[in-house]
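In this text the structure is predicted, and so the values were computed from the model without any measurement. Atoms considered below: every heavy atom in the structure, side chains included; atoms not considered: hydrogens, waters and symmetry mates. Every chain is numbered from 1, with letters handed out A, B, ... down the list of sequences.
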Number of protein chains: 2
Amino acid sequence: MNIKKADKIPSIVVPRLSRYYRILFELDSSPLISSKVLSEHTGFTAAQIRRDLAYFGQFGSPGRGYNVEELKKTIKNILGLDRAWNVCVIGTGNLGMALLGYNGFKDQGFEVVAAFDSDPEKIGKTVNGIKILSISEMAKVVREKNIQIGLLTVPGRVAQQAAENAVNSGIKSIMNFAPVHLKLPENVKVRHIDMTVEIERLSFMISRE
Amino acid sequence: MNIKKADKIPSIVVPRLSRYYRILFELDSSPLISSKVLSEHTGFTAAQIRRDLAYFGQFGSPGRGYNVEELKKTIKNILGLDRAWNVCVIGTGNLGMALLGYNGFKDQGFEVVAAFDSDPEKIGKTVNGIKILSISEMAKVVREKNIQIGLLTVPGRVAQQAAENAVNSGIKSIMNFAPVHLKLPENVKVRHIDMTVEIERLSFMISRE
DNA sequence: TAGATTGTTAATCGATTAACAATC
DNA sequence: TAGATTGTTAATCGATTAACAATC
């Protein structure tokens, strides 16, 4: 595995890599797989798949295809999944609680190691082995537990404030579930899962058929 | 309000409309708003905002900007939010339960009116006023309650099957939360909220700074 | 060798942006 | 009228695809 440090990766490529990666585990594993077969299983074109992978190096072998095990390792490395990530939940409402109980991330190396809330009623309770802590302890805990990612599941009206507090506590990347566009320093990595926007896309699609 | 039936809307435009729409409610409402001001609040360029809106007609007034109330109504109409949508939750695990308790969709006209599960332990229980029903009742309930949208929150391994069952029960559009690409008839509208892909994007971003 | 498939180039497609006449 | 801002055109930018020499 010899991954090129391409610095101009269109960001749209990355979720496709995740999809390729997932497919490699779902398929009966013949030792080799071609871009054509990956195409059939993902719906992306074979050319696009080859192009996407080529951003990072030459992993295939002409006439034969890609070695499945090697490709798994390669994409795992590209996506940063070859290490453990410590995650915290910020806001233990319905969604925060659900994420505390969700084990789907764990398989890929994301472990929820802490949860924070501002509600005295909730602080001190334990959910799925995780004790809910006061947000005032965030800086200390982020340091002690080496937390890299915050899952922001607070109500929209306090999301900006909670995000700033998380950043001040040392969190460098945030998965924002609140229906609010966060304004944060450029060095903070943010992804936004905006369910309201998504359900409105669906409503748009249904409305104009 | 005179909305053009433009048939070639780039699908990327739609989530931006949602964002504009949201901002209109968040801002102190002067009667008019310019693409420049919308730009400052959303981060999209003014040219892009004007272009996006122009796909659907001429809503602005040169030299003055857009009438806020009219623009709200217009986007509401474009997104199909000027009516009620009946929604069901399919799968009452952690996430399904969270969505049953989530009221954020209601404001935009999406009401959860039913929940389904296959687990006899759960069937019959009531959560947030919604009784959990057997999936075998789905066809009947979808018809009776006029359900248009299914929120698919079952485990990945049964997602395809559950989705097919939903479609056979009359569901025409699905918000898929399972980490699986669904293969469904073309006329079924699907949006995919893929948390695994999203957290892997974050991991990618952190890994290569 | 014949057939298959990669990696890459060049062509195409589609979305964004700059610029400005029209207009309030 | 002077200033502001739209809607739209043309130019630019960036991503996708077709095609194919290289190679297994």
Q: Looking at residues at least two apart in the chain, or sitting in another chain, which of them share a salt bridge (charged side-chain N to carboxylate O under 4.0 Å, His left out) with A:E26?
A: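 Salt bridge (charged side-chain N to carboxylate O under 4.0 Å, His left out) list for A:E26, sorted by chain: empty.
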Q: With sequence neighbours excluded, tell me which residues meet side chain to side chain donor-acceptor pair (under 3.5 Å) with A:Q48.
A: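 With neighbours one apart ignored, the set is empty.
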Q: Is it the case that the side chains of A:R50 and A:S35 hold a donor-acceptor pair, with the cut-off being a distance below 3.5 Å and no angle test?
A: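 Yes, a side-chain donor-acceptor pair sits under 3.5 Å.
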Q: For A:R64 and A:I12, take the nucleotide of DNA chain D holding the closest heavy atom to each; which residue's nucleotide lies nearer the 5' end?
A: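 The 5'-side residue here is A:I12.
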Q: Please name all residues satisfying side-chain contact (heavy atoms from CB on, under 4.5 Å) with B:P31, sequence neighbours left out, ordered by chain then number.
A: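 Counting only residues at least two positions away or on another chain, B:P31 forms no side-chain contact (heavy atoms from CB on, under 4.5 Å).
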Q: Please name all residues satisfying side chain to side chain donor-acceptor pair (under 3.5 Å) with A:T45, sequence neighbours left out, ordered by chain then number.
A: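 So A:T45 forms no side chain to side chain donor-acceptor pair (under 3.5 Å) with any residue.
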Q: Can you run down the side-chain hydrogen bond (donor to acceptor under 3.5 Å, both in side chains) pairs that involve residues 169-180 of chain A, sequence neighbours left out, and say none if there aren't any?
A: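 Matches after skipping sequence neighbours: A:N176-A:H192.
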Q: Under 4.0 Å, heavy atom to any atom of DNA chain C: which of residues 38-51 of chain A qualify?
A: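 Hits under 4.0 Å, by residue number: A:R50, A:R51.
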Q: Apply side chain to side chain donor-acceptor pair (under 3.5 Å) to B:E144 and list each qualifying residue two or more places apart in sequence or on a separate chain.
A: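 With sequence neighbours excluded, B:E144 shows a side chain to side chain donor-acceptor pair (under 3.5 Å) to no residue whatsoever.
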Q: Give the first and the last nucleotide of DNA chain C, reading 5' to 3', that has any atom under 4.0 Å from a heavy atom of chain A.
A: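 On DNA chain C, the outermost contacted nucleotides are C:dA4 to C:dA10.
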Q: Provide the full list of side-chain hydrogen bond (donor to acceptor under 3.5 Å, both in side chains) pairs with a residue in residues 101-113 of chain A, sequence neighbours left out, each pair given once.
A: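 Every pair satisfying side-chain hydrogen bond (donor to acceptor under 3.5 Å, both in side chains) with a residue in residues 101-113 of chain A: there are none.
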Q: Quick check on DNA chain D: between A:S11 and B:S61, whose nearest nucleotide comes earlier from the 5' end?
A: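 It is B:S61 whose nearest nucleotide is closer to the 5' end.
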Q: Represent DNA chain C in dot-bracket notation, 5' to 3'. Only Watson-Crick or G-U wobble pairs with both distances under 3.5 Å count; pseudoknot-style crossings use [ ] and interstrand partners use |.
A: ..||||||||||||||||||||||
Q: For B:R16, enumerate each residue passing the salt bridge (charged side-chain N to carboxylate O under 4.0 Å, His left out) test, keeping only those at least two apart in sequence or located in another chain.
A: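 Testing B:R16 for salt bridge (charged side-chain N to carboxylate O under 4.0 Å, His left out), a comparison that skips the adjacent residues, returns B:D52.
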Q: What residues form a salt bridge (charged side-chain N to carboxylate O under 4.0 Å, His left out) with B:K183, not counting sequence neighbours?
A: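 So B:K183 forms no salt bridge (charged side-chain N to carboxylate O under 4.0 Å, His left out) with any residue.
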